Amino acid sequence: MKDVRLLAEAFAPGQFLEPFAQAHPGLGGICTFVGAVRADEAVEALELSHYEPLTLAGMNALADRALERFELMGILIVHRVGEMRPGEPIVLASAAAHHRRAAIEAVDFAMDHLKSDAWFWKREKRAGAWHWIEPRAEDHADLARWG
Amino acid sequence: MKDVRLLAEAFAPGQFLEPFAQAHPGLGGICTFVGAVRADEAVEALELSHYEPLTLAGMNALADRALERFELMGILIVHRVGEMRPGEPIVLASAAAHHRRAAIEAVDFAMDHLKSDAWFWKREKRAGAWHWIEPRAEDHADLARWG
Amino acid sequence: MPVKLVFLGKLADLAGAPEREVEAPLDWQALVGTLGAELGDALAGEKVKVAVNGAVLSDKTALSAKDGDEVALLPPVSGG
Amino acid sequence: MPVKLVFLGKLADLAGAPEREVEAPLDWQALVGTLGAELGDALAGEKVKVAVNGAVLSDKTALSAKDGDEVALLPPVSGG
């Protein structure tokens, strides 16, 4: 099962995780990562923008690559866009598999790609002004692990 | 926050995950692995036995090592003992961190050690008879990754 | 129908709007010319990509957009 | 008080019970002697560990248990 969503409104991870788990009876394990807007006193809000014709298609292609590369029963990828406050979930990646290593590696793979190889642009509001966030060298190093 | 539990009764992952997530306001991400008894037509039940003076102490020591090794805000490890049926959760490992890689790696580390370096003995009931499960070479290879 | 330019990320700030319409046909030289110095320089930087109707060009200088096409200017995506 | 032997995993099946009491003091030779051939052979295998009062011995043949001690016989743990 592949479930990929781009959401403009706040979400609770459980609303997607529970049906995803129930859709895979007989699974050996599920690995899930939930990323949230980090609390940082200086940051009032975070905004994620996307480009409709590329962003969701790219997430779908990423899910397909994870399904091909790892022995999975299913993958779930949910990403927020729009304006978010500290503590709100931004991203959820979950993989169900017969064996744990495939599930954990698929989530690691999906997160590295969502963070630096997906069509999202982020900006932070600090002291009332918006600032664009640039790519980080660390993210490219993470990505390079997957060849 | 360190939360380590050995449970003799069935559990729902959410009952531990929700308070764990709420105990870490400001987190950047949470990675969670839930392992369940795999469905296998031949297997009627799985039984995990433990040795009280070693098992829980070993899980606590593992949680401490993960906290030392990775930059975590907290770690949660829950393990079942006793008799279980296919589909029931056996193990839950969750790590909260400011950055995703620490959370994902800590869960990977904890699971490799829980699977082959923790004081649990497993047996399966097949056709009414119990069979002990031996260590697997694959598990030792997984463990060797952590040096 | 004109060509629709879509500016993403900080390019939208530089452009002063997320979208702009320009006359067709539109090639690379015409695009750089219509954008003005600051935006033209940003676009010429090797990290900015260009997509036509949702397909990223492997060579953006080979741009050739016609009536009704949507041309997106894509700065590097943000990290984690 | 005797020494309490605790058998884990498949050793409990071989022993026919999860626990047994034996006379103190108990050293390695006495332990192997009291267990009988099959269990004694299993215990002598390098993969079986011995713990006294919850502490795993680095050299199980140095066992020296006294009245009231709990001696656990630990086969290899099961894999994933």
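Only a predicted model underlies this, so the values are computations on that prediction, with no experimental measurement involved. Numbered from 1 within each chain, the chains take letters A, B, ... in sequence-line order.
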Response to the item:
What one should report as the nearest heavy-atom pair of Phe33(A) and Gly29(B) is CZ-CA, 3.6 Å
Worksheet entry | Top contributor to chain A contacts, counting heavy-atom pairs under 4.5 Å, from Ile104(B), Ile90(B), Ile30(B) | Ile30(B)
Practice prompt. Among the options Ala103(B), Gly28(B), Ala39(B), pick out the one with the most heavy-atom pairs lying under 4.5 Å from chain A.
Written response: Gly28(B)
Practice prompt. Please look at Val91(B) and chain A and tell me whether the side chain, the backbone, both or neither of the residue comes under 4.5 angstrom of a heavy atom of that chain.
Written response: neither
Using only distance (under 3.5 Å, no hydrogens or angles), which donor-acceptor pairs connect chain B and chain A?
| residue | atom | partner | partner atom | Å |
| --- | --- | --- | --- | --- |
| Gly28(A) | O | Ala36(B) | N | 2.9 |
| Ile30(A) | N | Val34(B) | O | 2.9 |
| Ile30(A) | O | Val34(B) | N | 2.9 |
| Thr32(A) | N | Thr32(B) | O | 2.8 |
| Thr32(A) | O | Thr32(B) | N | 2.8 |
| Val34(A) | N | Ile30(B) | O | 2.9 |
| Val34(A) | O | Ile30(B) | N | 2.9 |
| Ala36(A) | N | Gly28(B) | O | 2.8 |
| Arg38(A) | NH1 | His98(B) | O | 2.7 |
| His98(A) | O | Arg38(B) | NH1 | 2.8 |
| Arg100(A) | NE | Asp112(B) | OD1 | 3.4 |
| Arg100(A) | NH2 | Asp112(B) | OD1 | 2.9 |
| Arg100(A) | NH2 | Asp142(B) | OD2 | 3.3 |
| Arg101(A) | NH1 | Asp142(B) | OD1 | 2.7 |
| Asp112(A) | OD1 | Arg100(B) | NE | 3.4 |
| Asp112(A) | OD1 | Arg100(B) | NH2 | 2.9 |
| Asp142(A) | OD1 | Arg101(B) | NH1 | 2.7 |
| Asp142(A) | OD2 | Arg100(B) | NH2 | 3.3 |

Worksheet entry | Contacts of Ala106(A) that satisfy side chain to side chain contact (heavy atoms under 4.5 Å, CB included) - sequence neighbours left out | Phe70(A), Leu72(A), Ala95(A)
Worksheet item: Which one, Pro25(A), Ala36(A), Ala21(A), Pro89(A), leads in non-hydrogen pairs under 4.5 Å with chain B?
Response: Ala36(A)
